[in-house]
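For reference, the structure is listed below as structure tokens.
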Amino acid sequence: MKRILTIVLTLSMLVSLVTGMPCKEAKAAGYESAVQLQTDGEWYGDYWVTQTETDNWHKIIVPFDGKLTIKLMCYLDRMTFEFYNEDISKKFTDETWYHGTETSPTTETYEYVLSAGTYYVHAANYYPEYEQYSGRYKIQASFKEFGTNNKGADSYDSPLQLPAGREMVGAMTETEEVDWYRLDVPKDGRYTVKLAAYLERISYEFYNADLSQRLTDETYFHGKEDSPVTKVYNYTLSAGTYYIKLEKSYYTGKYTVSWEALNAANCSHEYSSTYVAPTYLKKGYTLYECKICGATYKDNYVAKKKLSQGYISSYSYVKGKTIHLRWSTVGDASGYQIRWSRKKSMKSGVKTKKIKVQSKSECSITKLTKKKNYYVQLRPYKNIEGKVVYGDWSAKAQFKTK
């Protein structure tokens, strides 16, 4: 039976070669001349690992920093999958267990965040001495570009210049451990750094020019590829050079970083509130002031203070052309204004008199016309900050001279 299976497998491979299968059905060669596997999401196969052909090598070229997804569909019980860098000096994955069958294959998925470069897949027979572990597999690769623009952010001695207001897109990959950025602050002031992490964890450090002072050292972010976590760091800086160091903390993924002068538009804002009482000239309100950037706004307005309305309490005749008035005083007033007219509407023929003492509560109006009706009103006033604020006129008192 084993001999029959071997003959069938051999014939299958010969048929493939004779019928001229396209590239995606071809047998992968060794590491030095591995056939390139396209990252188009198509299944490539069937590839075989047998007792005599124990392993295959596939080459994958990653054009940009991004995420590579490899799927392996196995029609055999056990096989080895390994994933390497360009010179085979670093192995990212070494896995063995699959448990597929010819009629019921199993699929394994591998995801890698990679820098641009060449990588290799090694698929091998785990037990070449046992015929039952021979069989076929298919392989698929797809790639998602991150759109990075941070080429050259290699080290403190060779950092990438990060201009104010420009967003840099980078990635912590399987082969990239750290990125450095240089910030040239033009003048003393408040500045903000914004970091969005599309990965579970990344280390952020902020230094002065010679690394003698580390102003920030933080590691935990818990971002995800489709829901990044954004951190904002605010600094009061002197003019000079500063550095941002971003380092991989086991996890891989994309990030963005930018910085600019702090202002009301980009500040995260932490407000304190103060109640400002109303005056006779201005409304009262609640004042909110940002502790970070100094931005302010107001709400909960309260109406201006208003002088109490005075009223004429009594009047008496002195002579035919004179009348004596008495009124209630207003505690916060500077004095009082009195007006009178023979017209009830107070639209014409109006005369006025000013009482400049708050405590005074009576006065006489003279030079009136005999046997005529008059109307009189009173209102308080207050001198404040070079201005005069008036209260409301009292109700009109009516009298007739003798």
Side-chain angles (χ1 to χ4, degrees), residues 162-170 181-198 202 204-208 213-224 226-244 246 254-309 330-334 379-392:
L162 181 54
R166 181 183 177 188
E167 183 177 78
M168 202 63 64
V169 182
Y181 297 95
R182 172 175 169 159
L183 287 60
D184 289 326
V185 174
K187 61 182 180 180
D188 297 358
R190 295 281 286 165
Y191 295 87
T192 184
V193 175
K194 182 178 180 181
L195 177 63
Y198 294 74
I202 186 173
Y204 166 82
E205 297 173 8
F206 190 83
Y207 290 94
N208 65 344
Q213 290 183 329
R214 183 166 56 190
L215 305 182
T216 304
D217 181 359
E218 189 170 1
T219 299
Y220 299 97
F221 288 84
H222 307 297
K224 297 180 181 179
D226 57 351
S227 57
V229 171
T230 300
K231 290 281 189 175
V232 176
Y233 303 92
N234 298 310
Y235 303 98
T236 300
L237 302 175
S238 301
T241 299
Y242 298 85
Y243 289 90
I244 292 174
L246 297 174
K254 169 185 168 182
Y255 68 83
T256 62
V257 62
S258 62
W259 72 282
E260 59 187 330
L262 184 65
N263 55 52
N266 59 33
C267 182
S268 57
H269 298 306
E270 292 181 18
Y271 286 103
S272 61
S273 62
T274 304
Y275 176 68
V276 178
T279 69
Y280 290 106
L281 298 177
K282 297 179 181 179
K283 292 180 178 181
Y285 53 87
T286 301
L287 174 66
Y288 298 88
E289 184 172 8
C290 178
K291 301 175 185 177
I292 301 172
C293 70
T296 61
Y297 73 93
K298 305 171 185 177
D299 67 5
N300 301 323
Y301 283 93
V302 177
K304 298 176 186 178
K305 287 181 68 175
K306 199 171 183 180
L307 286 166
S308 299
Q309 186 180 35
V330 176
D332 206 22
S334 299
R379 67 176 177 178
Y381 73 87
K382 185 175 181 65
N383 298 317
I384 181 170
E385 297 179 15
K387 297 181 179 181
V388 180
V389 177
Y390 291 93
D392 292 336

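Just the heavy atoms: all of them, side chains too, but no hydrogens, waters or symmetry mates, feed the values below.
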Nearest atoms (heavy-atom pairs only) where S258 meets L162: CA-CD2, 4.5 Å
F221 side chain near L195 side chain, heavy-atom distance below 4.5 Å: yes
Contacts of Y204 that satisfy side-chain hydrogen bond (donor to acceptor under 3.5 Å, both in side chains) - sequence neighbours left out: Y235
Among Y207, Y181, F206, the one residue meeting ring-ring contact (aromatic ring centres under 6.0 Å, His included) with Y242: F206
Rounded distance (nearest 0.5 Å) linking atom OH of Y271 with atom SG of C293: 6.0 Å
Whether W259 side chain and V185 backbone form a donor-acceptor pair below 3.5 Å: no
Nearest-0.5 Å distance, CD of residue E205 to CD1 of residue I244: 11.5 Å
Contact check, side chains of L215 and L237, non-hydrogen atoms, under 4.5 Å: yes
Rounded distance [0.5 Å steps], OG1 in T236 versus OH in Y191: 10.5 Å
Greater than 12 external heavy atoms within 6.0 Å of E270's CD: no
Least distance between heavy atoms, V330 atom then S308 atom: CG2-O, 3.6 Å
Note, V389 side chain near K305 side chain (heavy atom, < 4.5 Å): no
Whether Y297 and Y288 hold their rings parallel, tilted or perpendicular, with breakpoints at 30° and 60°: parallel
By side-chain hydrogen bond (donor to acceptor under 3.5 Å, both in side chains) - contacts of E260 (at least two apart): N266
Least distance between heavy atoms, P380 atom then A333 atom: CB-CB, 3.8 Å
Salt bridge (Lys or Arg N to Asp or Glu O under 4.0 Å) contacts in which one or both residues fall within residues 274-302, not counting sequence neighbours: none
Side chain S334, main chain N383, donor-acceptor under 3.5 Å: yes
side-chain hydrogen bond (donor to acceptor under 3.5 Å, both in side chains) partners for D392, two or more places apart: K306
Set of residues satisfying side-chain hydrogen bond (donor to acceptor under 3.5 Å, both in side chains) with respect to N234, sequence neighbours excluded: T192
Closest non-hydrogen atom pair, K382 against D332: NZ-O, 3.2 Å
Point-to-point distance, once rounded to the nearest 0.5 Å, from CD1 of I202 to CD of E218: 11.5 Å
Gap between atom OG1 of T296 and atom CG of L287 - 0.5 Å precision: 6.0 Å
Separation between CD1 of I384 and CG of L281, rounded to the nearest 0.5 Å: 4.5 Å
Nearest atoms (heavy-atom pairs only) where L307 meets G391: CD1-N, 3.8 Å
Side-chain heavy-atom pair Y275, N300 within 4.5 angstrom cut-off: no
Atom OH of Y220 with >12 non-hydrogen neighbours under 6.0 angstrom: no
Pairs flagged by salt bridge (Lys or Arg N to Asp or Glu O under 4.0 Å) wherever residues 183-195 is involved - sequence neighbours left out: R182-D184
